[in-house]
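As the structure is a computational prediction, the values presented were derived from the model and not from experiment. Throughout, numbering of the chain's residues begins at 1 and tracks the sequence. Side chains included, hydrogens not; waters and symmetry mates left out as well; all remaining heavy atoms used.
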Amino acid sequence: MTFDVVSLCFLLDNYPEMLAANFAETGLPGRAFAPAREVYEVFDRSTPSFGIVARGLEGHPVGYAAILIGPQLHTSDRIAQNDAVYVVPEFRGSGVGGRLFVEAEREAKRRGARLFAWQVGKSSGFTKTLQRRTSPRNQQQIFFREL
């Protein structure tokens, strides 16, 4: 298994099927998957944001992470946040997802992030893992409301 750090545009250009599959599972209900390439380009050009591609033994992609990095508005600390972490169904439970988390945190730290904000599904295995590894004071939930 290999984990390659790539640009966000590289993810969009080379693995649109995986991005669409992730959005179908975790995206906003009732919304179409319609990525704005120009926004990906701005993030690549103006921030230390990045992607990671997980590849299986034969080099085929089996998962990815897209990580956004920018300043925390109240402290000015550089903060990383996951936009997406996805593993193809046949590789779930194999450790790929956990390794994507570890690799994302390492690369974010290397790029100067001092904090990492993980947004994960309420009942996912990642939620349970993060609850065990995070102070209750630092646990938050994100809610989306229609306007």
Side-chain angles (χ1 to χ4, degrees), residues 1-28 31 33-89 91-144:
M1 189 75 53
T2 61
F3 294 83
D4 301 323
V5 176
V6 299
S7 71
L8 297 175
C9 284
F10 183 90
L11 287 175
L12 181 62
D13 293 343
N14 292 281
Y15 307 110
E17 310 82 22
M18 275 201 307
L19 276 68
N22 177 60
F23 189 83
E25 287 183 13
T26 64
L28 296 171
R31 301 290 196 275
F33 178 67
R37 189 175 202 294
E38 61 275 8
V39 175
Y40 280 68
E41 291 170 356
V42 167
F43 273 91
D44 280 344
R45 185 175 56 250
S46 304
T47 75
S49 301
F50 62 95
I52 299 176
V53 177
R55 298 180 193 282
L57 296 177
E58 296 174 9
H60 300 293
V62 297
Y64 79 95
I67 309 302
L68 307 179
I69 301 177
Q72 204 286 334
L73 295 177
H74 304 287
T75 67
S76 298
D77 288 327
R78 189 174 279 185
I79 186 170
Q81 176 181 336
N82 66 303
D83 175 67
V85 176
Y86 177 77
V87 177
V88 297
F91 276 82
R92 293 179 185 168
S94 69
V96 172
R99 183 80 185 277
L100 280 167
F101 267 63
V102 169
E103 295 298 328
E105 287 183 344
R106 283 181 184 158
E107 185 63 20
K109 183 176 181 179
R110 193 182 75 67
R111 291 173 182 242
R114 296 187 59 203
L115 300 166
F116 205 116
W118 286 104
Q119 178 180 329
V120 296
K122 282 178 67 173
S123 60
S124 75
F126 291 133
T127 297
K128 294 174 181 91
T129 298
L130 287 168
Q131 285 172 335
R132 286 192 307 270
R133 295 180 180 185
T134 307
S135 162
R137 176 179 152 92
N138 292 332
Q139 294 177 12
Q140 298 181 21
Q141 293 184 4
I142 296 174
F143 296 89
F144 293 102

Taking the side chain as every heavy atom from C-beta outward, state whether I69 and I79 have any atom pair closer than 4.5 Å. no
Check: H74 main-chain N/O paired with Q72 side-chain donor or acceptor under 3.5 Å: yes
Between D4 and I52, is any pair of side-chain heavy atoms under 4.5 Å apart? no
I'd like to know whether W118 forms a side-chain contact (heavy atoms from CB on, under 4.5 Å) with Q81, so could you lay out the CA-CA distance, the side-chain angles of the two residues, the decisive distance to 0.1 Å, and finally the verdict. CA-CA 6 Å; W118 286 104; Q81 176 181 336; over 6 Å; no
Kindly determine whether L8 and L12 satisfy side-chain contact (heavy atoms from CB on, under 4.5 Å), including the steps that lead there. CA-CA 6 Å; L8 297 175; L12 181 62; over 6 Å; no
Please find the pair of heavy atoms, one from V88 and one from M18, that lie closest to each other, and give the distance. CG1-SD, 4.0 Å
For residues Y40 and R45, determine if any side-chain heavy atom of one lies less than 4.5 Å from a side-chain heavy atom of the other. no
Derivation of the side-chain contact (heavy atoms from CB on, under 4.5 Å) call for M1 and V62: CA-CA 9 Å; M1 189 75 53; V62 297; 3.9 Å; yes
So which atom in F43 and which in S49 form the shortest heavy-atom distance, rounded to 0.1 Å? CD2-OG, 3.6 Å
Of the non-hydrogen atoms in R78 and G112, which two are nearest, and what is the gap between them? CB-O, 3.4 Å
Show the numbers, then the answer: is there a side-chain contact (heavy atoms from CB on, under 4.5 Å) between V6 and L11? CA-CA 7 Å; V6 299; L11 287 175; 3.9 Å; yes
Gap separating the SG atom of C9 from the CD atom of E38, nearest 0.5 angstrom: 10.0 Å
For R92, is the CZ atom crowded, meaning more than 12 foreign heavy atoms sit under 6.0 Å from it? yes
Got a donor-acceptor contact below 3.5 angstrom from the D44 side chain to the S7 backbone? no
For residues Y15 and P61, report the shortest heavy-atom separation together with the two atoms involved. CE2-CG, 3.4 Å
Aromatic ring pairing Y64/Y86, orientation class (parallel under 30°, perpendicular over 60°, tilted between): tilted
Is there side-chain contact between F3 and V53, with heavy atoms separated by less than 4.5 Å? no
Side chain proximity check, D83 to I67, heavy atoms < 4.5 angstrom: no
Under the salt bridge (Lys or Arg N to Asp or Glu O under 4.0 Å) rule, what do E105 and R111 come out as? Steps first, then yes or no, please. CA-CA 10 Å; E105 287 183 344; R111 291 173 182 242; over 6 Å; no
